[in-house]
Amino acid sequence: MSEPKSNERMEKIVSLCKRRGFIFQSSEIYGGINGFWDYGPLGAELKRNVKDYWWRSMTQRRDDVVGLEATIIMHPKIWEASGHTSTFSDPMVDCLLTKKRFRADQVDPQDGIIYFFTGGRDAATGKESPESYSVLLAAGKNPESARKVARQFYAARGVENAELQGERTEAVQGSTRYNPENGSLLTEPRPFNLMFKTYVGPVESEDNVAYLRPETAQAIFAQFSNVLAVARQKIPFGICQIGKAFRNEINPRNFIFRSREFEQMELEFFIKPDDAAAKSVNAGEPGTEPTWGWEQWHKYWVEERVKWYESIGLGRDVLDFHWQAKEELAHYARATVDILYKFPFGTQELEGIAARGNFDLSQHQKFSGKSMEYFDEETKSRFIPHVIEPSAGVDRLILALLCNAFNEEEVTDEKGNKETRVVLKFHPRIAPVKVGIFPLLKNKPELVKKALQVRDLLRDSMTVYYDDTGAIGRRYRRQDEAGTPYGVTIDFDTLGETPSLADTVTLRDRDTMKQERMAIADLLPFLLGKIR
RNA sequence: GCGAGCGUAGCUCAGUCUGGUAGAGCAUCACCUUGCCAAGGUGAACGUCGAGGGUUCGAAUCCCUUCGCUCGCUCCA
């Protein structure tokens with residue numbers, strides 16, 4: 001079985017994250033807090049690189065996307081319009097026998113006879129349970145099967161072979177209080193609100209309830225008109241945002257994969273409805289973007305996003321794709337593609353690319369009373385734009401990058417001993433530290449001086465890590481675990497011991513462990529070429 | 001939220017059954033030594049044994065509560 005192995009791999013990754021300062025548990029000195037994680041020195045750099053690169057790719061390098069940075073707490077009506085207030089607080093019920101959980105509104109109504117019991121008692125041991133319980137039995141079925149379920153219920157409470165107390169029956173129609181699978185009574189419906197609630201202002205009253213946003217998308221819709229008015233953009237165009245979002249998850253799992261406070265990178269790309277696009281002047285010429293319908297735009301963004309993942313080292317071989325079936329789609333979506341990564345704990349979603357129709361803008365128009373219509377000069381038509389939404393989770397992407405980079409290699413040293421080299425093979429674009437700078441020996445001031453000069457030469461352009469402690473091999477390995485793609489060593493040849501090699505250094509490649517000599521003057525252009 | 005397992009140094013773990021006041025390896029830091037892949041030597045620092053309470057002359061060890069982590073179920077609009 002590969003199951004224990006993958007857990008072992010995950011444990012090694014979690015351990016490395018802590019040991020090297022990528023990720024710590026939040027509030028650890030107080031025992032931690034479930035579902036919250038902090039990024040340490042290397043993790044903070046890694047995350048910043050990922051977000052910066054996304055931002056550059058999505059907006060700075062494009063003409064048709066602009067940015068937004070909105071607040072986390074917004075007007076509570078936003079969540080009514082989006083549907084979060086109702087759908088994010090489904091009452092849940094649990095089966096008292098099997099503990100299986102249902103959404104209260106999804107329990108099928110049933111008819112039949114309810115068998116009530118006031119308790120169970122074991123005549124042999126004298127043990128008893130005074131808990132009342134009931135079972136719903138479909139009409140015409142054997143009453144013994146209801147009693148059997150009840151005896152299981154009392155057995156689970158420590159009363160074996162219970163004699164059932166106080167049996168009585170009652171016919172019902174359309175009850176949703178019983179588990180359709182076994183007839184057992186369910187718990188009372190309990191609300192599960194996944195939005196974090198707070199109060200704006202000092203008084204905690206129902207009038208000033210507010211929520212921490214459960215997604216960043218709604219802020220973009222809410223500010224659509226303002227951005228449209230100032231950005232000098234014509235549809236199709238997009239608004240993107242990076243920011244924190246909060247969900248009071250019932251059960252956070254898998255390290256930082258599902259946490260209660262997390263960060264999203266979202267684009268809302270606004271397009272013409274298909275009928276408006278069809279009226280465009282270039283209609284009939286395939287591939288002319290203003291005429292594209294939603295399906296073409298949806299495919300376009302899936303492809304763009306996959307290329308982006310490839311450009312930071314997550315190739316198609318480690319990704320997977322899931323085109324959601326009609327019945328899986330959320331209420332707002334016409335189509336959704338999930339981009340998944342093959343994590344050690346299973347293949348899980350990194351990003352969802354949804355075609356949302358005009359659901360969100362229509363809802364905000366309805367709830368706010370403000371028009372969300374766009375006037376298209378070209379076709380002289382007025383419409384509420386439709387939207388394609390690529391929405392990625394930053395933290396789960398970080399986890400995917402860590403899992404993908406994590407390698408344990410068998411290496412043989414000069415004495416023939418085998419040992420394990422742990423190396424994080426990050427793409428240089430996102431690696432937290434780009435280059436390590438090492439004087440071969442610390443106790444030779446000329447080497448140290450020269451090394452510090454090289455450090456200063458590179459430091460303005462990238463993250464560098466200067467290290468002069470211990471043996472050179474140890475320093476290389478230390479940077480391997482941090483995922484630093486290059487190591488530069490200043491040796492006696494750099495100082496001119498071999499005149500032809502003066503002012504050259506060795507450049508060590510993390511992945512191949514090979515070294516080449518390079519002139520100091522060539523370092524900066526070479527490294528910039530790799531990390532941009 | 002339910003069930004099971006786990007929580008001892010930065011990391012990996014021993015010690016818990018059978019109460020007597022905490023250990024190993026690795027890592028870290030300093031100095032010495034260094035000539036390119038975790039070399040060697042000397043020394044140092046690091047734990048109220050997840051937290052709180054109880055039993056006891058005495059608790060890492062027994063009991064209760066709680067928090068956290070892992071797995072299964074559930075949930076993931």
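We name chains A, B, ... by the order of the sequence lines, and we start the count at 1 in each one.
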Roughly how many Å apart are [M] and [N], using the [atom1] atom of each and rounding to a whole number?
N	M	atom1	result
B/A77	B/C2	C1'	23 Å
B/A22	B/A4	P	34 Å
B/C69	B/U21	C1'	28 Å
B/G23	B/A60	P	13 Å
B/U48	B/U8	C1'	13 Å
B/U16	B/C11	C1'	22 Å
B/G53	B/C71	C1'	30 Å

Separation between CG of A/N358 and CD1 of A/I271, rounded to the nearest 0.5 Å: 10.0 Å

Describe the nucleic acid contact of [X] in one word from base, sugar-phosphate, nothing, applying a heavy-atom distance below 4.0 Å.
X	value
A/G35	sugar-phosphate
A/E215	base
A/E28	nothing
A/S15	sugar-phosphate
A/F255	sugar-phosphate
A/R258	base
A/R421	nothing
A/F438	nothing
A/N254	sugar-phosphate
A/D480	nothing

Using heavy atoms and a sub-4.0 Å distance, could you list which residues of residues 496-506 of chain A are near RNA chain B? By number, please.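 Residues of residues 496-506 of chain A that come under 4.0 Å of RNA chain B are, in numerical order, A/E497, A/T506.
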
Contacts of A/Y309 that satisfy side-chain hydrogen bond (donor to acceptor under 3.5 Å, both in side chains) - sequence neighbours left out: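 Once residues adjacent in sequence are excluded, the partners of A/Y309 under the side-chain hydrogen bond (donor to acceptor under 3.5 Å, both in side chains) criterion are A/E351.
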
Is there a donor on the side chain of [X] or the base of [N] sitting less than 3.5 Å from an acceptor on the other?
X	N	answer
A/Q515	B/C36	yes
A/R508	B/C37	yes
A/E481	B/A38	yes

In this structure, is the centre-to-centre distance between the rings of A/F257 and A/F255 below 6.0 Å?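 For A/F255 and A/F257, the ring centres are not under 6.0 Å apart.
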
With a 6.0 Å cut-off on the ring centroids, do A/F24 and A/W37 count as close? no

Find the partner of B/A30: check Watson-Crick (N1-N3 plus N6-O4 or O6-N4) and G-U wobble (N1-O2, O6-N3) distances, both under 3.5 Å, and reply none if neither fits. B/U42

With both distances under 3.5 Å as the test, what is the Watson-Crick or G-U wobble partner of B/G23?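 In the structure as shown, B/G23 has B/C13 as its Watson-Crick or wobble partner.
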
Between A/R9 and A/F406, is NZ or CZ placed under 6.0 angstrom from the six-membered ring centre and within 45° of the ring axis?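 No, A/R9 does not lie over the aromatic ring of A/F406.
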
I'd like to know whether NZ of A/K530 has more than 12 heavy-atom contacts from other residues, nucleotides or ligands below 6.0 angstrom.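 It does not: A/K530 NZ has 12 such atoms or fewer within range.
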
In terms of heavy-atom contacts, does CZ of A/F359 have more than 12 from other residues, nucleotides or ligands at under 6.0 Å? yes

Could you tell me how the ring of A/F438 sits relative to the ring of A/Y476: parallel (under 30°), tilted (30 to 60°) or perpendicular (over 60°)? perpendicular

Name the closest nucleotide to the A/L440 side chain, picking from B/A39, B/G68, B/C36.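 Looking only at side-chain atoms, A/L440 lies closest to B/C36.
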
